Asks: 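Here's a structure for you.
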2 protein chains.
Amino acid sequence: MPKPTPKRAAAKAPATAAAEREPRGARRKRETRARLLEAALRLMARKGMEGVAINEITEAADVGFGSFYNHFESKEAIYEALMDQVFEDFGDALDILVRDIADVAEVIAICVRHTLLRARREPIWGQFLIREGFSARVLERGLGQRLLRDIQKGIAARRFTTKDPLMSFVAVGGTVLAAISAELQFGSAQGPQAAMLAALGVSGEGLAGRAAAAILQTLGLAPKEAEAIARRPLPVVEAGG
Amino acid sequence: MPKPTPKRAAAKAPATAAAEREPRGARRKRETRARLLEAALRLMARKGMEGVAINEITEAADVGFGSFYNHFESKEAIYEALMDQVFEDFGDALDILVRDIADVAEVIAICVRHTLLRARREPIWGQFLIREGFSARVLERGLGQRLLRDIQKGIAARRFTTKDPLMSFVAVGGTVLAAISAELQFGSAQGPQAAMLAALGVSGEGLAGRAAAAILQTLGLAPKEAEAIARRPLPVVEAGG
DNA sequence: TTCATAAATGATCATTTTGTCAATTATGAT
DNA sequence: ATCATAATTGACAAAATGATCATTTATGAA
């Protein structure tokens, strides 16, 4: 065990202090690590963890082959780090985003739309999400836990009329993943498929709002109210320091 | 191109004729091919196509390594054959099963429940389904096409009140896959997780009926009717020759 | 039984991939 | 400037994998 792979990158530099607080060497190290993670995300989103070779990652990251093992013990290790970064960080970001929203229905609408918008903006991220979205880790921890908790809260508050919390949880999660998949597929649709999609009303604005509305209806809101909530302006994500 | 890999196994032996109609050699060949496919399904469902080596497949199938290439040109080839067998054959089976059902809502309820029941009965099949269920091939052809067609039919017949056929399609498909995932995860739940599941009403009968009911509600049926349709007895699958 | 054909088999080789390591380079304190 | 430490690097050996092929075995007709 040459290196226990620190659990989190955790840039501890206090935002208030001078920018020179972090030594150059440390930053260099952080950056190559970040480059490796980014390259791994891009490749693994497309071909899966097993489908990419380590030298592919280092070449895509423009980093010497040996450097890989300075940061990760193995392919499995970088994959783990990737899961943590992608899912937990995103969950935390969502938490901050809806911190001040009182209505559970709106919380869910915002989370759903934000997820879909990000998947649209960063297709690689979206691909990774749908590839790993059904894994036990995501379902049980992070995003899954959060969603299940919100649904139960909504039921307790009589905001949702669903009788079957687990099934609602499953339906909402599955719908989000499938919507991402649809968006990614349709985003690059060509030929005869494009015509069918146009007939189904797939346009430039994406599926975010429509998915949120459908999900709120699934949870028991009336169609009109679901539509209304799904159209409310999104809170802006604060530019992270 | 040493061998074009026959498009389908297609055991043409007429069930009525004597059992000796098929020469032993042909049957032997069919059987090793089937063994290879079964082993590949089991392994690829767990580790993905790229994650399994050919010798793993042949060893799991208890077949000589070289035999692999008597039946498939490459790993991609057996993967293709697997996709065909799993998705298209299942789609055809569903078609036969609902051939005589007039009500679109019941057609969908039956398909959903049959899919979930089979995934429960054959977890490996289910795992493969959720792993590949978002691939373009499944969405566009086979099961996806079928589902989209049924939804549009239901809307045209004013059986479904959905205003957004594409979103409904996405939601139904995603819900089915997520339900399979949940079933597989929960089927092997241990420890503290089990308590939470019990609280959510996860019992032995599985999620099939509940998923079907939720899906029919998503399509616009009233909860009570959705429940009723989702509980109707399933048509028995005819024992195939 | 004999024989031609089809299928199965594992040894073999080329290529890919992994993991290690000594050498090189960058960093930051003295 | 000097030096100890940390990080990066690519060459290398070992292991894994893909694919080929001559040989063996099974099959079924003559």
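Residue numbers begin at 1 in each chain, while the letters A, B, ... track the order of the sequences. None of the values given here were measured: they were computed from a predicted structure.
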Asks: Would you indicate which nucleotide in D/dT20, D/dT8, C/dG19 comes nearest to any side-chain atom of B/Tyr69?
Replies: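 Selected nucleotide: D/dT20.
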Asks: Among A/Met49, A/Arg33, A/Met44, find the one that has a side-chain contact (heavy atoms from CB on, under 4.5 Å) with A/Ile78.
Replies: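 Testing each of A/Met49, A/Arg33, A/Met44 against A/Ile78, the sole residue satisfying side-chain contact (heavy atoms from CB on, under 4.5 Å) is A/Met44.
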Asks: When you get a sec, tell me which of D/dG10, C/dT9, C/dA7 is the closest nucleotide to the side chain of A/Phe65?
Replies: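 In terms of side-chain proximity for A/Phe65, the closest of D/dG10, C/dT9, C/dA7 is D/dG10.
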Asks: In whole angstroms, how far is the P atom of C/dT16 from the CD1 atom of A/Ile57?
Replies: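 In whole Å, C/dT16 P lies 18 Å from A/Ile57 CD1.
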Asks: A/Lys47 side chain to B/Glu50 main-chain N or O, any donor-acceptor pair under 3.5 Å?
Replies: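 Pair absent, no side-chain N/O of A/Lys47 close to backbone of B/Glu50.
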Asks: Send over the distance from B/Ile54 CD1 to C/dT15 P, rounded to a whole Å.
Replies: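 From B/Ile54 CD1 to C/dT15 P: 17 Å.
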Asks: Any chance CZ of A/Arg27 has more than 12 other-residue heavy atoms, nucleotides or ligands included, within less than 6.0 Å?
Replies: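 For A/Arg27, atom CZ is not crowded (no more than 12 foreign heavy atoms under 6.0 Å).
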Asks: Does a side-chain N or O from B/Lys75 land closer than 4.0 Å to OP1 or OP2 of D/dG18, or not?
Replies: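 The answer is yes; a side-chain N or O of B/Lys75 sits under 4.0 Å from OP1 or OP2.
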Asks: Given C/dA7, is OP1 or OP2 found less than 4.0 Å from the side-chain N or O atoms of B/His71?
Replies: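 Result: no.
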Asks: Which of these nucleotides, D/dA11, C/dG28, C/dT9, is closest to any side-chain atom of B/Ser67?
Replies: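 Closest of the options to the side chain of B/Ser67: C/dT9.
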Asks: Within this structure, what is the CZ-to-P distance between A/Arg24 and C/dT25, rounded to whole angstrom?
Replies: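 After rounding, the reported distance stands at 17 Å.
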Asks: Counting only side-chain N and O atoms of A/Thr32, is one of them less than 4.0 Å from OP1 or OP2 of D/dT8?
Replies: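 So the side chain of A/Thr32 is within the cut-off, an N or O lying under 4.0 Å from OP1 or OP2 of D/dT8.
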Asks: Once you round to the nearest 0.5 Å, how far does CD of B/Gln127 lie from OG of B/Ser181?
Replies: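 Going from CD on B/Gln127 over to OG on B/Ser181, the span is 9.5 Å.
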Asks: Specify the separation, in whole Å, of atom CE of B/Met49 and atom P of D/dG18.
Replies: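 Spelled out: CE on B/Met49 to P on D/dG18 is 11 Å.
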Asks: Between atom CD in B/Glu59 and atom P in D/dT17, what is the gap in whole Å?
Replies: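 Distance, rounded to whole Å: 10 Å.
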Asks: Tell me which of A/Gly66 and B/Ala53 sits closer to the 5' end of DNA chain D, going by the nucleotide each one is nearest to.
Replies: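 Residue closer to the 5' terminus by nearest nucleotide: A/Gly66.
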Asks: Between atom CZ in B/Arg28 and atom P in D/dA26, what is the gap in whole Å?
Replies: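 Computing the B/Arg28:CZ to D/dA26:P distance gives 7 Å.
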Asks: Counting neighbours of CD on B/Glu56 that are heavy atoms of other residues, nucleotides or ligands and sit closer than 6.0 Å, is the number greater than 12?
Replies: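 Yes, the 6.0 Å shell around CD holds more than 12 heavy atoms from other groups.
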Asks: How many Å lie between CG on B/Asn70 and P on C/dG10, as a whole number?
Replies: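 Those two atoms, CG and P, are 13 Å apart.
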Asks: If I take atom CD in residue A/Glu50 and atom C1' in nucleotide D/dT17, what distance separates them, rounded to the nearest angstrom?
Replies: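 Whole-Å distance recorded here is 13 Å.
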